[in-house]
Amino acid sequence: MAHLEAVTTTGSPVLVEEANIEEFQTSLRGTLLRAGDEGYDEARSIYNAMIDKRPALIARCAGAADVVRCVLAVS
């Protein structure tokens, strides 16, 4: 089964199953981006070019419900 290797907010490695990512993506009104997706590099860039983070997933929230869903997913 396919999975995504990620790191938690505490720095611990974690494997996220593809089925869980797909389920999460369908629960959002907005889009979910991964490395290699169109718009990923633009979405991860910030004004300070000295900070170069590469998150495993980027949620482009389309409303408050998406924000709540994202917060609940990582807590």
Verdict with supporting geometry, V16 and H3, side-chain contact (heavy atoms from CB on, under 4.5 Å):
CA-CA 5 Å; V16 183; H3 61 270; 6.0 Å; no

Atom of [X], atom of [Y] and distance for their closest heavy-atom approach:
X	Y	result
V7	V14	N-CG1, 4.4 Å
L57	R34	CD2-CG, 3.6 Å
L33	A43	CD1-CB, 3.8 Å

Side chain of [X], backbone of [Y]: donor and acceptor closer than 3.5 Å?
X	Y	result
R44	K53	yes
R29	A62	yes
T26	E22	yes
Y40	I58	no

Full working for side-chain contact (heavy atoms from CB on, under 4.5 Å) between L4 and I21:
CA-CA 9 Å; L4 174 70; I21 296 170; 3.6 Å; yes

Rounded distance [0.5 Å steps], OG in S45 versus CG in D52
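Here the interatomic distance stands at 9.5 Å.
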
side-chain contact (heavy atoms from CB on, under 4.5 Å) between C70 and L28, worked out:
CA-CA 9 Å; C70 291; L28 298 175; 4.2 Å; yes

Would T31 and R60 count as having a side-chain donor-acceptor pair, cut-off 3.5 Å?
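The criterion, which ignores hydrogens and geometry beyond distance, is not satisfied for R60 and T31.
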
Could you go through Q25 and N20, starting from their C-alpha distance and side-chain angles, then the distance that decides it, and tell me whether this counts as side-chain contact (heavy atoms from CB on, under 4.5 Å)?
CA-CA 9 Å; Q25 185 170 13; N20 293 342; over 6 Å; no

